[in-house]
Number of protein chains: 2
Amino acid sequence: MKKVADIINRAEQNCKIRGSRLTHKRKQVLSSLIQAEKALSAYELLDIYKAEFGQTIPAMSMYRILDFLQGEHLVHKLNLANKYIACAHISCDHSHAVPQFLICSKCQKVEEISIGRSTITKLQKNVENAGFRLVTPQLEMNCICENCVVNAA
Amino acid sequence: MKKVADIINRAEQNCKIRGSRLTHKRKQVLSSLIQAEKALSAYELLDIYKAEFGQTIPAMSMYRILDFLQGEHLVHKLNLANKYIACAHISCDHSHAVPQFLICSKCQKVEEISIGRSTITKLQKNVENAGFRLVTPQLEMNCICENCVVNAA
DNA sequence: CAAAAATTGATATGTTGTAACATATCAATT
DNA sequence: AATTGATATGTTACAACATATCAATTTTTG
């Protein structure tokens, strides 16, 4: 587990190379998301921002910051949950397979997994047979995590 | 293609057996969804209800009706699109595989497909290895339909 | 019929997200 | 230092989706 500051620094370098800027506010939001270690809504992030950095920023800004971070592949948006989560591979060098997300319906815990190439290929074939094309094979699946299964019983 | 009235009648019988009631308003909404042959948001359904039946009902009622219809497996909710669609197998007798939905990001067209058992099983294995359990293996996938691919070019 | 349960209505509010436009900040020259 | 141009952020207003709460009505059942 790397230190957050290290991850941020590295992300900043990568942004610079791509000609974009990881500004102060963008760093702060990214840092919050990394430390949270779970998915958060834009409005939760606004609350956290205020609590952590003592400043209120407009909702619009948060959405723009999140859009930027997505564009830089530092953050994923979970469309099923309307939440945002730091990329699990944010501090790796190598490129990655398209991520798949498991979202616990009870506690909102999110796990980012990879699914075998062959399974994805099969899925894509099914989709193409129906006359569609996948935009991105990022799947989001409604799940129950082990913890909640146990506690529910 | 069966007549809508027949489908509704049959659905009403099935509800009765299960001890629930397919009331007048519920029938009307279900009928609208069947005839639309596409996914509609709760608020679109409110507009349609007013236009078709000349009565304004509160948003709350529409959501309750949609919850009910989902519970009876007559309607699916598409969480990615915040829309509702009549079950494609609403007038069949036999039980069905869990449906998978392809949603065109451009034109919102929705297709309900089935995916091979083995692919789903693989997916489930992946999920279980990560310590999660699928609530329902209903996948919703962001796609582009053939039509929109052609028109975009 | 009367009590209990289910359904529906009415009002208010919460949550997520975008549009349109104004202002601030930064970095590279002049 | 001043100008300029690009990028980032702020402000206001609003649209779309959804739920909380409580009252009124209808349906079912003892």
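Since we're looking at a predicted model, the values are computed, not measured. Numbers restart at 1 for each chain; the letters A, B, ... are given by sequence-line order, proteins then strands.
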Starting from C1' on dT15(C), measure out to CG on Leu45(A) and report it in whole angstrom. 14 Å

How would you summarise protein contacts on nucleotides 12-29 of chain D per nucleotide, using B for base, S for sugar-phosphate only and - for none, with heavy-atom distances below 4.0 Å? -----BBBB------SS-

Rounding to an integer number of Å, can you tell me how far Leu46(A) CG sits from dT15(C) C1'? 12 Å

In whole angstrom, what separates Gln28(A)'s CD from dT9(D)'s C1'? 13 Å

Pairs satisfying side chain to side chain donor-acceptor pair (under 3.5 Å), at least one member in residues 121-133 of chain A, at least two apart: Lys122(A)-Ser118(B)

Does some side-chain heavy atom of Glu140(A) sit less than 4.5 Å from a side-chain heavy atom of Lys77(A)? no

Under 3.5 Å for both distances, Watson-Crick or G-U wobble, that's the pair rule; now give the dot-bracket for DNA chain C, with | marking pairs to another strand and [ ] for crossing ones. ||||||||||||||||||||||||||||||

Write down the distance between NZ (Lys27(A)) and C1' (dA8(D)), rounded to a whole number of angstrom. 15 Å

In whole Å, what is the span from the CG atom of Asn79(B) to the C1' atom of dT16(C)? 15 Å

Rounded to whole Å, please give me the gap between CG in Leu80(A) and P in dT16(C). 14 Å

Please determine whether side chain to side chain contact (heavy atoms under 4.5 Å, CB included) holds for the pair Glu111(A) and Met141(A), giving the CA-CA distance in whole Å, both sets of side-chain angles, and the decisive distance to 0.1 Å. CA-CA 10 Å; Glu111(A) 185 89 3; Met141(A) 291 173 267; over 6 Å; no

Of all residues at least two apart in sequence or in a different chain, which pass the ring-ring contact (aromatic ring centres under 6.0 Å, His included) check with Tyr49(A)? Phe53(A)

Quick check: do Gln28(B) and Glu52(B) have side-chain heavy atoms less than 4.5 Å from each other? no

Only counting residues at least two apart or in another chain, list the ones meeting side chain to side chain contact (heavy atoms under 4.5 Å, CB included) with Lys38(B). Ala36(B), Leu40(B)

Under the ring-ring contact (aromatic ring centres under 6.0 Å, His included) rule, what do Tyr84(B) and His76(B) come out as? Steps first, then yes or no, please. CA-CA 6 Å; Tyr84(B) 303 82; His76(B) 300 291; over 10 Å; no

Nearest-angstrom distance from the residue atom CZ of Phe68(B) to P of dT7(C): 7 Å

If you compare every side-chain N and O of Ser20(A) against the phosphate oxygens of dT7(D) (OP1, OP2), does one of them come in below 4.0 Å? no

Please tell me whether Glu72(B) and Ser20(B) have a donor and an acceptor in their side chains that are separated by less than 3.5 angstrom. yes

Which whole-number value in Å describes the distance from Ile65(B) CD1 to dA6(C) P? 17 Å

Set of side chain to side chain contact (heavy atoms under 4.5 Å, CB included) partners for Asn142(A), sequence neighbours left out: Leu80(A), Ser105(A), Asn79(B), Val135(B)

Verify the contact: side-chain N or O of Ser61(B) to OP1 or OP2 of dG9(C), cut-off strictly under 4.0 Å; return yes or no. yes

